[in-house]
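Some notes on the structure that comes next.
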Amino acid sequence: MSVRVRFAPSPTGYLHIGSARTALFNYLYARHTGGKFLLRIEDTDLARSTEESTRSILDGLAWLELNHDEEIVFQSNNADKHRATAKKLLAEGKAYRDFTPKAEPNDANVKDTIKDRARANQGEKNMRDNPFRDISAEESNARAAAGEPFAIRLKVPDVRTGSDSDWASPSGKTSFQDQVYGLQERDHAETEDLVLLRSDGHPLYNLAVVCDDIEMAITHVIRGQDHLTNTHKQVLIYEALGITPPTFAHLPLIMAPNKGKLSKRKHGEVVSMTTYRDAGFLAAAFRNFLALLGWSASEEQEIYSLDELVQKFSLEGIHRSNAVFNFTENDPRKWTDDKAQWMNAEYIRTRPLDELIPFIKPEMKAGKLWREEYEDDDKAWFENTINLIRQRFFTLKDFSKQGRAYFSEDFDFDPAAIEKNLSKFPDLKIWLPELADRFEVEFADKPYTEENIESVVKAFTEEKGTKLGVVMNGARTLLTGVAVGPSMLSVFEIIGLERTLLRLRSGLAWAK
RNA sequence: GUCCGGUUCGUCUAGGGGUUAGGACACCGCCCUUUCACGGCGGCAACACGGGUUCAAAUCCCGUACCGGAUACCA
């Protein structure tokens, strides 16, 4: 049977880094096995789901180039089928009506409330003590017919009485062979009679997921390990339905630096995929980073192309322990994981230019630096320039920020660079325009190349009795606005004689 | 509380009875150099703890601690 996996986010926010990794692993598994990668939007929680979130998640996936197969499934469209399934289980006696009035949700601290309630039970709670569990069909039907509201709960087999277990595993527990965590078992006594259908007729998560996974013919469910207990509940639903469950593989979680939960609320934009897109990350680099968070090919390699990832990906390589996404709040240099930043810089510096330039182009357009000539007449110059300046760049943003002076006269001067390279040497205010004059004479009849420039500048500094570095760095500041960059000889040459003369004479930096 | 899972350098990880416990990032130092955030070389740094099994345990078993997840008419 051909593999079919799905990524099933709920649209209650942007694409979170953990979800993105889940999507990536599903994608890699599908491509590795020649199967299908499907997308399902789990929007059954109308109150929290938004179209904007859906769009943002789709944007994030598109950015990461995790293209899905087939039509997107919107879970809310299947609600009728979910309801029908619940009714069927009810009719078969595998579920029952619970007429207990709905408790008011205390949504301020739902989590805490749940936890407190569970703790108060001291683990002594009998999960089968619902008073409506065993009322007669007649009574149940009559009350329903009278218009009394009810939820539908799955009738999880009672291990003490041995009743209701004709459809469930006779072992008294649910079990499945997780592809990552191994054999998972859970006593029926540990599982509550979960609600399938709310009293307002709304299908709930576990029911919806099972129905849709069946309908979509999903063969492998790859999702976060926070779903491990849900899986037992879902296995029970599969058993009630008489359908063989798919294969499950649960993924370790991605944690915050304090090993706590990584959340939008607490950690903000650092967890959102769009942040990385907007910060000038290359999708390929971020994907590479994500792939190595919780998975490894057991070899000493860090850089993997998408093809390599597809080829090498396997469920066996997934870890069981959670991984920390390492960053330091309030430290601009460490705003996100070091390795992600390094990975991006590595891609910027080493990817083939023809692979990189399509991503640099929109960045330059946004900075009003793009010229059509860069694709025809000035293509060679453009590529040389990109190749030269990218050696010290970290993100795509750098091409339109630090790299501005290479493409436009409209660039800023870094005050620190002025201080360090110009202000300390007042003579430069006279010398640099003089150097421009010298260049004009010297290069009237000889090529403006690194070699020639070097000899002219050397001769000039000797005459002035100063160090080469003083003139070079002063020129660097005037020509590029910043104190760092490639070899100054290369910079002179790439900027060209005309612009060099203009900038050496401008005195703009001093005016600032 | 209960159930489930986890624990190798600061972080991501390799290894899985005998290794100088390997790599990457980060950090530090040196070199290159006109600057530098590139590059080169080097350094610091880890098997949670306690028992057992064994000639030999980071590796297998048990326990403890700690961390995480789950425990909804949320997803």
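Numbered from 1 within each chain, the chains take letters A, B, ... in sequence-line order.
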For a quick test of your reading: what N or O donor-acceptor pairs under 3.5 Å do the side chains of residues 487-494 of chain A make, sequence neighbours left out?
unit_1   : atom_1 : unit_2   : atom_2 : d
A:Ser487 : OG     : A:Leu489 : N      : 3.3
A:Ser490 : OG     : A:Glu450 : OE2    : 3.1
A:Glu493 : OE1    : A:Glu450 : N      : 2.9

Pairwise P distance for B:A21 and B:C3, with rounding to whole Å: 39 Å
With A:Lys401 via salt bridge (Lys or Arg N to Asp or Glu O under 4.0 Å) - residues at least two apart: none
Spacing of the C1' atoms in B:C49 and B:A57 (rounded, Å): 15 Å
Validation row, ring centre A:Phe25 to ring centre A:Phe313 under 6.0 Å: yes
Donor-acceptor contact present, side-chain A:Ser76 to main-chain A:Thr44, <3.5 Å: no
Length of the CD1-P vector between A:Ile303 and B:G23, whole Å: 17 Å
Verdict with reasoning, A:Lys173 to A:Glu190, per salt bridge (charged side-chain N to carboxylate O under 4.0 Å, His left out): CA-CA 9 Å; A:Lys173 52 193 174 192; A:Glu190 300 289 343; over 6 Å; no
Shortest side-chain distance from A:Asp226, nucleotide among B:A75, B:C73, B:A70: B:A70
A:Asp412 and A:Arg404 ion-paired at < 4.0 Å: no
Close N or O pairs between protein and nucleotides 36-44 of chain B (under 3.5 Å):
unit_1 : atom_1 : unit_2   : atom_2 : d
B:C36  : O2     : A:Arg392 : NE     : 2.1
B:C36  : O2     : A:Arg392 : NH2    : 3.2
B:C36  : O2     : A:Gly485 : O      : 3.1
B:C36  : N3     : A:Arg392 : NE     : 3.3
B:C36  : N3     : A:Arg392 : NH2    : 2.7
B:C38  : O4'    : A:Gln391 : O      : 3.3

Touch class at under 4.0 angstrom, heavy-atom based, for A:Met255 against every strand present: sugar-phosphate
A:Thr44 side-chain N/O to B:A75 phosphate OP1/OP2 under 4.0 Å: yes
Ring geometry between A:Phe286 and A:Phe289 (parallel below 30°, tilted from 30 to 60°, perpendicular above 60°): tilted
Proximity of A:Phe281 and A:Trp342 rings by center, below 6.0 Å: no
P-based separation of B:U7 from B:U59 [nearest Å]: 12 Å
Check: A:Arg223 side chain, A:Leu251 main-chain N or O, donor-acceptor pair, under 3.5 Å: no
Interatomic distance, A:Met472 CE vs B:U35 C1' [rounded to whole Å]: 11 Å
For nucleotides 5-15 of chain B, give me every protein contact, N/O to N/O, under 3.5 Å, one pair per line with atom names.
unit_1 : atom_1 : unit_2   : atom_2 : d
B:U11  : O4'    : A:Asn326 : ND2    : 3.2
B:C12  : OP1    : A:Val324 : N      : 2.6
B:C12  : O2'    : A:Leu292 : O      : 3.1
B:C12  : O2     : A:Lys339 : NZ     : 3.2
B:U13  : OP1    : A:Gly294 : N      : 2.5
B:U13  : OP1    : A:His319 : ND1    : 3.2
B:U13  : O3'    : A:His319 : NE2    : 3.3
B:A14  : OP1    : A:Ser296 : OG     : 3.0
B:A14  : OP1    : A:His319 : NE2    : 3.0
B:G15  : OP1    : A:Ser298 : OG     : 3.1

Step-by-step ring pair (Phe, Tyr, Trp, His ring centres under 6.0 Å) determination, A:Tyr205 to A:His82: CA-CA 10 Å; A:Tyr205 176 73; A:His82 304 154; over 10 Å; no
Whole-Å C1' distance, B:U53 and B:A58: 16 Å
Touch class at under 4.0 angstrom, heavy-atom based, for A:Asn473 against every strand present: base
Between B:U71 (P) and A:Tyr205 (OH): distance, integer Å: 11 Å
Proximity to the side chain of A:Lys102 - top-ranked nucleotide from B:A75, B:C73, B:U34: B:C73
Residue whose nearest RNA chain B nucleotide is more 5′ - A:Ser10 or A:Leu468: A:Leu468
Nearest-angstrom distance, P atom, B:G5 to B:A24: 35 Å
Nearest listed nucleotide, side chain of A:Glu192, among B:A75, B:A72, B:A70: B:A72
A:Arg97 NZ/CZ over A:Phe150 ring centroid, <6.0 Å and within 45° of normal: yes
Distance, rounded to the nearest Å, where A:Asn230 contributes CG and B:A70 contributes C1': 8 Å
Presence of donor-acceptor pair under 3.5 Å, side chain of A:Arg153 and base of B:C73: no
Watson-Crick/G-U partner (both atom distances under 3.5 Å) of B:G63: B:C49
For A:Leu428 against A:Gly474, the heavy-atom pair lying closest together: CD1-CA, 4.1 Å
Nearest-nucleotide 5' precedence on RNA chain B, A:Thr100 against A:Thr229: A:Thr229
Sugar-phosphate, base or nothing in reach of A:Leu194, heavy atoms under 4.0 Å: nothing
Any strand: nucleotide that pairs with B:U71 via Watson-Crick or wobble, under 3.5 Å: B:G1
A:Lys233 NZ - B:C4 C1' separation (whole Å): 13 Å
Between B:C3 (C1') and A:His227 (NE2): distance, integer Å: 18 Å
Span that lies between the C1' atom of B:U64 and that of B:A45, in whole angstrom: 27 Å
G-U wobble or Watson-Crick pairing nucleotide for B:A57 (cut-off 3.5 Å, both distances): none
From CA spacing to verdict: ring pair (Phe, Tyr, Trp, His ring centres under 6.0 Å), A:Phe176, A:His232: CA-CA 8 Å; A:Phe176 60 93; A:His232 285 99; 4.9 Å; yes
Pairing partner (Watson-Crick or G-U wobble, both distances under 3.5 angstrom) of B:A24: B:U11
Protein-nucleotide distance (A:Asp43, atom CG; B:A75, atom P), rounded to Å: 10 Å
Watson-Crick or G-U wobble mate for B:C41, both contacts under 3.5 Å: B:G29
Residues in side chain to side chain donor-acceptor pair (under 3.5 Å) contact with A:Tyr304, at least two apart in sequence or another chain: A:Glu299
Whole-Å P distance, B:U8 and B:C67: 15 Å
Shortest side-chain distance from A:Lys334, nucleotide among B:C27, B:A75, B:G68: B:C27
Close residues, residues 451-466 of chain A, relative to RNA chain B [heavy-atom separation under 4.0 Å]: none
B:U54 versus B:C12 - spacing of their P atoms, nearest Å: 36 Å
Nearest-Å distance for atom pair CD1/C1', residues A:Ile114 and B:G1: 15 Å
